[in-house]
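Every chain is numbered from 1, with letters handed out A, B, ... down the list of sequences.
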2 protein chains.
Amino acid sequence: MEKTSGLPFQQLLKERGLKSTRQRDEIARVFMESADHLSVDELCQRVRQKNPRIGYATVYRTLKLLAQSGWASARQFGQRTARFEHRTEGEHHDHLICLICGKIVEFASGRIEELQSRIAQKKGFRIFDHKLELYGHCADCLAKKEMTGKEVREKATNE
Amino acid sequence: MEKTSGLPFQQLLKERGLKSTRQRDEIARVFMESADHLSVDELCQRVRQKNPRIGYATVYRTLKLLAQSGWASARQFGQRTARFEHRTEGEHHDHLICLICGKIVEFASGRIEELQSRIAQKKGFRIFDHKLELYGHCADCLAKKEMTGKEVREKATNE
DNA sequence: ATGATTTTGAAATTCATTTTCAAAATATCA
DNA sequence: TGATATTTTGAAAATGAATTTCAAAATCAT
Ligand SMILES: [Zn+2]
Ligand SMILES: [Zn+2]
Ligand SMILES: [Zn+2]
Ligand SMILES: [Zn+2]
């Protein structure tokens, strides 16, 4: 029973009547230590480096717990497989996604958020979350297109 | 071979070396005549009122053609099933989605689009498409919550 | 410990979407 | 026109991400 740093996730589990287990703690820890935009596969692989017996289902379940309790949030990025990132109270960022190479670049714009609130208010909505995704071609891929002079047809594989 | 109005979709098929068929024309026509945010199921049902023998696969395939050629665009709205809407050159709108009743409200903001372009430019991206989705509770559902004084737990079913 | 409760992981299931493939429709051209 | 090549269709099978099932294992409260 190694203590996995003072992750408030365990606190939270207790509050919800859930148990803090070796698996959950490990998954939460690895998730919090990883860079954003991980797929479940990727997270599962990393987790298994420490404990190879952890099942996919548990990773999915824990990720859901993390999401429900505000530590993680799932993003779709135009693909079928979800990617997860950290969520920090009050902070928010959105994404530029390259349709060719799959690169994901983050940005934040208080101006846009402000305009969003105003629109929501006008329409009578109370907003809890939002997603702003800009799809296009990144600088690198634009340069490559320039080189070949051809339209690049391959789809982003995110591999 | 009834002519289904001057839908440029047929023109486009020809340009791409694809055939204009009874099924494709019918699916495209029904799609273009329908309100936005249809699911594939819903479109398929409507199409089958005219021709009950049209298969799901063909609806999916035609919708993909429509999307690739710029007539339709697919949206996800936080659910697993896609919804399709018309796309008009140069026009764009985004969405407010009620997490309780599933209501979808459209909006457009030139100010936001402008800020988006500026961000993309700064990051070296060339943007072709974007999605801005605001998730929250609509006025009606907020009113109901007020009435009961309780948090409403049901998820949007979009039924 | 004892027994109740929760969690786990492998396998099965779900469900939207895609693919397969043989039959049907359509185009090409002699 | 008829013969042949190509494309499209639709039913059924396959895919693939995510969820559920369930018996075994872990954990909790006496
Ligand atoms: Zn790129
Ligand atoms: Zn991010
Ligand atoms: Zn509502
Ligand atoms: Zn719309």
Side-chain angles (χ1 to χ4, degrees), chain A residues 1-3 9-10 12-28 30 37-45 47-48 50-69 72-84 155 157-159, chain B residues 1-2 9-10 12-28 37-45 47-48 50-69 72-84 155 157-159:
Chain A
M1 187 163 300
E2 48 181 330
K3 65 193 277 199
F9 178 57
Q10 295 170 40
L12 194 131
L13 289 174
K14 196 172 283 180
E15 281 170 12
R16 296 209 173 196
L18 298 167
K19 293 177 184 174
S20 164
T21 69
R22 227 180 300 96
Q23 291 86 326
R24 282 180 182 164
D25 296 351
E26 178 65 10
I27 293 165
V30 172
H37 315 137
L38 251 69
S39 69
V40 178
D41 265 352
E42 287 161 358
L43 179 57
C44 197
Q45 266 187 265
V47 163
R48 281 176 173 174
K50 258 289 176 50
N51 179 352
R53 316 202 66 273
I54 288 182
Y56 259 77
T58 306
V59 176
Y60 270 106
R61 285 188 278 236
T62 308
L63 233 17
K64 193 176 233 182
L65 281 174
L66 285 164
Q68 288 172 342
S69 53
S73 77
R75 299 280 150 177
Q76 221 46 53
F77 299 139
Q79 302 178 259
R80 45 228 130 296
T81 64
R83 291 183 171 273
F84 289 81
K155 269 290 170 59
T157 51
N158 249 117
E159 180 49 72
Chain B
M1 186 166 298
E2 48 180 331
F9 178 55
Q10 294 169 39
L12 196 131
L13 288 175
K14 197 172 284 179
E15 281 170 11
R16 297 210 173 196
L18 297 168
K19 294 177 184 173
S20 165
T21 68
R22 227 182 297 98
Q23 292 86 326
R24 282 180 182 163
D25 296 351
E26 177 65 11
I27 293 165
H37 314 135
L38 251 68
S39 69
V40 178
D41 266 350
E42 287 161 358
L43 179 58
C44 194
Q45 267 185 266
V47 162
R48 280 177 173 173
K50 258 286 175 55
N51 179 351
R53 317 201 63 272
I54 288 182
Y56 258 79
T58 305
V59 177
Y60 270 106
R61 285 189 278 234
T62 308
L63 233 16
K64 194 177 232 180
L65 281 175
L66 286 164
Q68 287 173 343
S69 54
S73 76
R75 299 279 149 178
Q76 225 39 58
F77 299 140
Q79 302 178 257
R80 46 223 128 301
T81 65
R83 292 183 171 272
F84 289 81
K155 267 293 171 60
T157 50
N158 250 114
E159 183 48 73

Rounded to whole Å, how long is the line connecting atom [atom1] of [X] with atom [atom2] of [N]?
X	N	atom1	atom2	result
A:Lys14	C:dT5	NZ	P	20 Å
B:Leu18	D:dT9	CG	C1'	14 Å
B:Gln76	D:dA18	CD	P	11 Å
A:Arg53	C:dT7	CZ	C1'	14 Å
B:Ile54	D:dT8	CD1	P	15 Å
A:Tyr56	D:dT19	OH	P	14 Å
B:Asp25	D:dT9	CG	C1'	14 Å

Which heavy atom of A:Glu42 sits nearest to which heavy atom of A:Arg83, and what is that distance?
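Here A:Glu42 and A:Arg83 meet closest at OE1-NH1, 3.4 Å.
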
Nearest heavy-atom pair of B:Arg24 and B:Leu13: which atoms, and what distance?
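That closest heavy-atom pairing would be CD-CD1, 4.2 Å.
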
Of the nucleotides [options], which one has an atom closest to the side chain of [X]?
X	options	result
B:Val40	C:dA10, D:dA18, C:dT17	C:dT17
A:Arg24	D:dA18, C:dT8, C:dT18	C:dT8
B:Thr81	C:dA16, D:dA18, C:dA25	C:dA16
B:Tyr60	D:dA17, D:dA26, C:dT17	C:dT17
A:Gln23	C:dG9, C:dT17, C:dA25	C:dG9
B:Thr58	D:dT27, D:dT9, C:dG9	D:dT9
B:Ala82	C:dA25, D:dT27, C:dT17	C:dT17

Pair B:Leu43-B:Ile27, side chain to side chain contact (heavy atoms under 4.5 Å, CB included): steps then yes or no:
CA-CA 8 Å; B:Leu43 179 58; B:Ile27 293 165; 4.2 Å; yes

Would you confirm whether A:Gln79, through its side chain, and A:Ala82, through its main-chain N or O, come within 3.5 Å as a donor-acceptor pair?
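Between the backbone of A:Ala82 and the side chain of A:Gln79 there is no qualifying donor-acceptor contact (under 3.5 Å).
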
So B:Thr62 and B:Gln23, do their side chains get closer than 4.5 Å, heavy atoms only?
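The answer is no, as the side chains (C-beta and beyond) never meet within the 4.5 Å cut-off.
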
Need to verify one output field. Residue with the more 5' nearest nucleotide on DNA chain C, B:Lys19 or B:Asp41?
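This one resolves to B:Asp41.
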
Quick check on D:dT9: is either OP1 or OP2 less than 4.0 Å from any side-chain nitrogen or oxygen of B:Thr21?
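Yes, B:Thr21 has a side-chain N/O under 4.0 Å of OP1/OP2 on D:dT9.
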
Heavy atoms under 4.0 Å, any strand shown: does A:Arg61 hit a base, just sugar-phosphate, or nothing?
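If one applies the 4.0 Å heavy-atom cut-off, A:Arg61 turns out to touch a base.
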
